[in-house]
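Report on the structure given below.
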Amino acid sequence: MPRYLSIVHIDESSAPAEGPSEELMQRMGRLIEEVTKAGVMLDTAGLTPSVQGTTVRWQGGKVSVTDGPFTESKEVIGGYAIMQCKDKAEALEWTKRFLQVHEDYWTVSCEVREIAEG
């Protein structure tokens with residue numbers, strides 16, 4: 001079965017400074033338990049805020065290193081999930097359910113891509 005990477009993009013300006021609410025974490029925990037029991041979830045995690053990140057770039061034959069925050073970015077990668085699904089439609093359904101556990105004030109999107117094998 002194919003594996004899919006769901007890259008979670010978060011608009012940090014709409015996310016609460018204190019992080020996700022306890023209710024959101026409980027709903028997410030229940031969903032993660034369900035998707036894991038269904039044999040779909042292989043790995044998932046959230047990431048620290050972009051202010052704690054560093055970008056390493058190769059351009060023009062040189063390496064540059066830039067510490068966050070990254071002011072040019074409206075949305076940042078906030079987490080990921082690796083799922084093994086029968087097809088892309090199933091991966092999209094689980095991803096939609098993940099997005100729907102968030103409160104209305106969050107701006108979250110997920111990029112879902114099949115992982116190239118071999």
Side-chain angles (χ1 to χ4, degrees):
M1 280 201 307
R3 294 180 305 150
Y4 294 88
L5 173 65
S6 179
I7 304 166
V8 181
H9 297 270
I10 296 175
D11 180 347
E12 286 185 315
S13 68
S14 72
E18 66 278 4
S21 68
E22 182 62 33
E23 294 83 11
L24 170 57
M25 295 307 294
Q26 289 173 359
R27 287 191 303 273
M28 195 168 303
R30 287 190 298 269
L31 178 61
I32 290 170
E33 183 178 342
E34 181 182 350
V35 72
T36 301
K37 284 182 178 178
V40 171
M41 184 66 68
L42 300 178
D43 190 23
T44 187
L47 301 175
T48 59
S50 65
V51 69
Q52 297 174 8
T54 302
T55 296
V56 181
R57 181 181 315 262
W58 174 257
Q59 183 178 13
K62 295 182 182 177
V63 172
S64 64
V65 178
T66 306
D67 289 329
F70 310 107
T71 56
E72 69 276 3
S73 298
K74 180 178 177 183
E75 287 187 339
V76 299
I77 298 175
Y80 69 92
I82 299 175
M83 301 174 286
Q84 189 164 26
C85 301
K86 64 182 177 202
D87 55 26
K88 189 172 184 178
E90 182 184 14
L92 293 175
E93 282 306 311
W94 285 112
T95 301
K96 289 175 191 176
R97 291 189 55 196
F98 164 77
L99 291 172
Q100 292 169 337
V101 302
H102 292 78
E103 291 93 353
D104 292 343
Y105 53 83
W106 286 84
T107 301
V108 184
S109 63
C110 292
E111 178 182 350
V112 178
R113 296 172 62 182
E114 186 172 345
I115 296 173
E117 302 291 346

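Throughout, numbering of the chain's residues begins at 1 and tracks the sequence.
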>> Test side-chain contact (heavy atoms from CB on, under 4.5 Å) on Ser6 and Met83; report intermediate values, then the result.
In response: CA-CA 8 Å; Ser6 179; Met83 301 174 286; 4.1 Å; yes

Mind checking the [atom1]-[atom2] spacing from [X] to [Y]? Nearest 0.5 Å is all I need.
X: Asp11; Y: Trp106; atom1: CG; atom2: CH2; value: 10.5 Å
X: Asp67; Y: Thr54; atom1: CG; atom2: OG1; value: 4.0 Å
X: Thr95; Y: Glu93; atom1: OG1; atom2: CD; value: 9.0 Å
X: Gln84; Y: Arg3; atom1: CD; atom2: CZ; value: 7.5 Å
X: Ile115; Y: Tyr4; atom1: CD1; atom2: OH; value: 10.0 Å
X: Arg113; Y: Lys88; atom1: CZ; atom2: NZ; value: 9.5 Å

>> Using side-chain contact (heavy atoms from CB on, under 4.5 Å), reason through His9 and Ile77 one step at a time and then give a plain yes or no.
In response: CA-CA 5 Å; His9 297 270; Ile77 298 175; 4.1 Å; yes

Could you tell me which non-hydrogen atom of [X] sits nearest to which non-hydrogen atom of [Y], and how far apart they are?
X: Met41; Y: Thr36; answer: CB-OG1, 3.6 Å
X: Gly78; Y: Ile10; answer: CA-CD1, 3.8 Å
X: Thr107; Y: Ser14; answer: N-OG, 3.1 Å
X: Tyr80; Y: Thr44; answer: O-OG1, 2.8 Å
X: Pro49; Y: Glu12; answer: CA-OE2, 3.5 Å

Cluster overlap [X] with [Y], hydrophobic side-chain contacts below 4.5 Å:
X: Val101; Y: Ile32; answer: yes
X: Leu24; Y: Val8; answer: yes
X: Phe98; Y: Tyr105; answer: yes
X: Met28; Y: Leu42; answer: no
X: Val108; Y: Trp94; answer: yes

>> Quick check on Gln52: does its CD atom have over 12 non-hydrogen neighbours (other residues, nucleotides or ligands) under 6.0 Å away?
In response: yes

>> The test is side-chain contact (heavy atoms from CB on, under 4.5 Å); show your working for Thr66 and Arg57 and say whether it passes.
In response: CA-CA 8 Å; Thr66 306; Arg57 181 181 315 262; over 6 Å; no

> When you look at Glu33 and Lys37, which way does the salt bridge (Lys or Arg N to Asp or Glu O under 4.0 Å) test go after all the steps?
Replying inline: CA-CA 6 Å; Glu33 183 178 342; Lys37 284 182 178 178; 3.0 Å; yes

>> The test is side-chain contact (heavy atoms from CB on, under 4.5 Å); show your working for Leu31 and Gln100 and say whether it passes.
In response: CA-CA 10 Å; Leu31 178 61; Gln100 292 169 337; over 6 Å; no

> Ser21 and side-chain hydrogen bond (donor to acceptor under 3.5 Å, both in side chains): which partner among His102, Gln26, Glu103?
Replying inline: Glu103

